[in-house]
Amino acid sequence: MTKDRMIKEMVLRAWQRALEDGKIRSKPDPDKVVVEIPKETVQADYATTVAMMLARIEGRSPREIARTIQDYLQEDPQAISERVELAGPGYLNITLKPDQWRQVLLEVDAKRERFGQVEIGGGRCVQVEFVSANPTGPLHVGHGRWAAVGNALANLLQAAGYEAHREYYNNDSGRQIKLLGQSVYARYQHLVGNPVADPEDGYRGAYVTEMAQRLRDRVGDTYRAKTIEACLDFFTRAALKEMTALIRKDLEVFGITFDSWFSEASLYESGAVQNALDDLRKKDYLYEKDGALWFRSTQFKDDKDRVVRKEDGEFTYLASDIAYHRDKLSRGFDFLINIWGADHHGYIARMEAVVLALGYPKEKLRILIGQLVTLVRNGQPVPMSKRAGEFVTLRDVVNEVGKDAAVFFFLMRRLDSHLEFDLELAKRQSNENPVYYVQYAHARLCSVDRQAKEQGVRLKDSRQIRLDRLTEPEELKLMKRLDAFPKLIEESARALEPHRLTFYLLELAGILHHYYNKHRIISDDPDLTQARLLLVSSVKTVMANALGILGVSAPERM
RNA sequence: GCGCCCAUAGCUCAGUUGGAUAGAGCGUCUGACUACGAAUCAGAAGGCCGGGGGUUCAAAUCCCUCUGGGCGCACCA
């Protein structure tokens, strides 16, 4: 049982006895007993607001009720509390016996890399789909954010007891892909001495020319002067293959791998698009109008109906998205998570309509919207247009500031908050990046371990260690933060917010550095040394666990 | 015009799902290595939580409204 749970039980017991003695009229109600961790300036471990919640029902002042409950709490023989104080408008502030906190060290020691894992997922299976960029160019900085967040979220869900499956939906079909093929075709003809006009709105980045060069090196001038109709297929396929491989590589360099890659084109090849539409048609959710085929999404709260097949017979991307989500939903996941950029939020309503139309509850799909990354260089906004070829790639950023710093940076903000990424700042201040603050703490503790070893100190079995020697306020503070880790995993997973771990790490590292500067870990007092080594080893373990979830390395040396 | 998101210290952002006197980092100023790693630490200054109303014992947090920004509103992906 968690500590806040034990406190809650204690308060309910006190309430019950107060009821029996006629001091409180209403019956104990667990919903009214809110136990929380008070803000730092308050000298207590937990606080309950029960007296304030009861004030109106009881018709007495909160402080008066609090005093009553306080009396009963202090009489409780099974209390894990050392002190119960009445404060402010009617808070009961509860301070635990220090020994309650010391137990966490034994738990960390026993569980090691599994410390922090919780079971709220109950083995349920979740699919996280993220990045899913068009394979028409390298990943840019914005994609990095989805990559870092999606990966960390999947790790977080796993730590919380879910099965998490990472998937990349490759949009390898449609007009943009065709445009890519045309762009490479034009560059190729240019290289073999047959200049043709670049397609309007075509892709112009240097990587397009490079692809054309590699093609020329491979096939010579085989396709020189051939019409685009005759060889577009060749150029499109070649470009697609290269771009997909490039994106995979970009992600790999960023430390992220997917469990599966799903091809949009395969949905057409397998007939899945047709099947999905047939399914909807049978349910009367499709109709013809003006030569096009429409999806009746307004039946499910969308603003307007959406075209799935255009007048010219081509399918819209929505058609393949319907088929894709139908496929995902049929695979037996308990729910799906899509991470989309804010520029796609307009599609949420229609995707939810799709889920409902396919006969699934809306809750099966959770779409997380991330605010876009604003890229800044030398204080000037950098336009991120793929077509114009003006963008800074994810690879560039990783090369400049390092994988760990980039990942940590992307996870430093809430997903629905804008992220300003100043490249010059990230480069110039790479040593001041908060990630180093955390990693340094970890490396420092590894160094302490090495130092201890050199001095011939051997850590005893944790059960033999005199934990009661840990009495410094900083030590208690560290143990409390360690104790909070499993709950943090639980709450972050529930909220689907991995960024909370980033802040937790910064805080834990801060307390650790403070402690380190103030107290010596290895001293000539053997018992104290043992106890402190166990403490910092626990801190090290928890840091490594949290960093692991974020996808950031925990270096032993820096 | 309509919809979604955002607005908190000079800057960049947290704020445990409604709790107490709102917190960090950076930047600024002052200090700490003959001790386990100074990529560190200690101290100082910095606020009408965009404005107004409402719900509540209690609002940065929930509701309404206004202002200011971002992003959408295709038979493009």
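Fair warning: this is a prediction, and the values are worked out from it, not measured in the lab. Letters A, B, ... are given to chains in the order of the sequence lines, protein chains preceding strands, and every chain is numbered from 1.
- Counting any heavy atom pair closer than 4.0 Å across all strands shown, A:R557 reaches a base atom.
- Classified by interplanar angle (parallel below 30°, tilted 30° to 60°, perpendicular above 60°), the ring pair A:Y169/A:Y324 is parallel.
- With A:K8 contributing its side chain and A:V35 its backbone, the two residues share no donor-acceptor pair below 3.5 Å.
- Qualifying side chain to side chain contact (heavy atoms under 4.5 Å, CB included) partners for A:E288, counting only residues two or more places apart in sequence or in other chains: A:R281, A:L293, A:R309.
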(request) With pairs defined as Watson-Crick or G-U wobble and both distances under 3.5 angstrom, please note down RNA chain B as a dot-bracket string, | for pairing with another strand. (result) (((((.(..((((.....[...)))).(((((.......))))).....(((((..]....)))))).)))))....
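- The glycosidic torsion of B:C33 lies within 90° of 0, which places this base in the syn conformation.
- Of the candidate nucleotides B:A20, B:A39, B:C57, B:A20 has the atom nearest to the side chain of A:A47.
- Here A:Y516 lies in heavy-atom contact (under 4.0 Å) with a base.
- B:U17 adopts a syn glycosidic conformation, its chi angle falling within 90° of 0.
- A:L419 has its CG atom 15 Å from the C1' atom of B:C5, to the nearest Å.
- When distances run from any side-chain atom of A:R520 to the nucleotides B:G37, B:C36, B:C41, the shortest one goes to B:C36.
- Residues forming a side-chain hydrogen bond (donor to acceptor under 3.5 Å, both in side chains) with A:Q274 (at least two apart in sequence, or on another chain): A:D278.
- The side chain of A:D416 lies closest to B:C5 when the candidates are B:C5, B:C75, B:A39.
- Residue A:H442 is out of contact with every strand shown, counting any heavy-atom pair closer than 4.0 Å.
- The listed nucleotides are B:G72, B:C76, B:C57; the one nearest the side chain of A:D343 is B:G72.
- Within 6.0 Å of CG on A:D524 lie no more than 12 heavy atoms contributed by other residues, nucleotides or ligands.
- Between B:C36, B:A14, B:C71, one nucleotide has an atom nearer to the side chain of A:H345 than all others, and that is B:C71.
- Judged by distance alone with a 3.5 Å cut-off, no donor-acceptor contact links the side chain of A:N517 to the base of B:A42.
- A side-chain N or O of A:D404 and one of A:Q439 form a donor-acceptor pair less than 3.5 Å apart.
- Across B:C41, B:G37, B:C36, the shortest atom-to-atom separation from the side chain of A:H513 is found for B:C41.
- Using a 4.0 Å heavy-atom distance criterion, A:F503 is classed as a sugar-phosphate-only contact.
- A:Y168 and A:E129 are not linked by any side-chain donor-acceptor pair at a separation below 3.5 angstrom, with hydrogens and angles left out of the test.
- At a threshold of 4.0 angstrom between heavy atoms, the contacts of A:K304 are confined to the sugar-phosphate backbone, with no base atom among them.
- A:A441 comes within 4.0 angstrom of nothing in the nucleic acid, heavy atoms only.
- For A:Q176, the listed nucleotide lying nearest its side chain is B:C76; candidates were B:A20, B:U40, B:C76.
- Applying the 6.0 Å contact sphere to NZ of A:K310 captures more than 12 heavy atoms from other residues, nucleotides or ligands.
- Here B:C6 presents its C1' atom at 12 Å from CG of A:L372, a figure rounded to the nearest Å.
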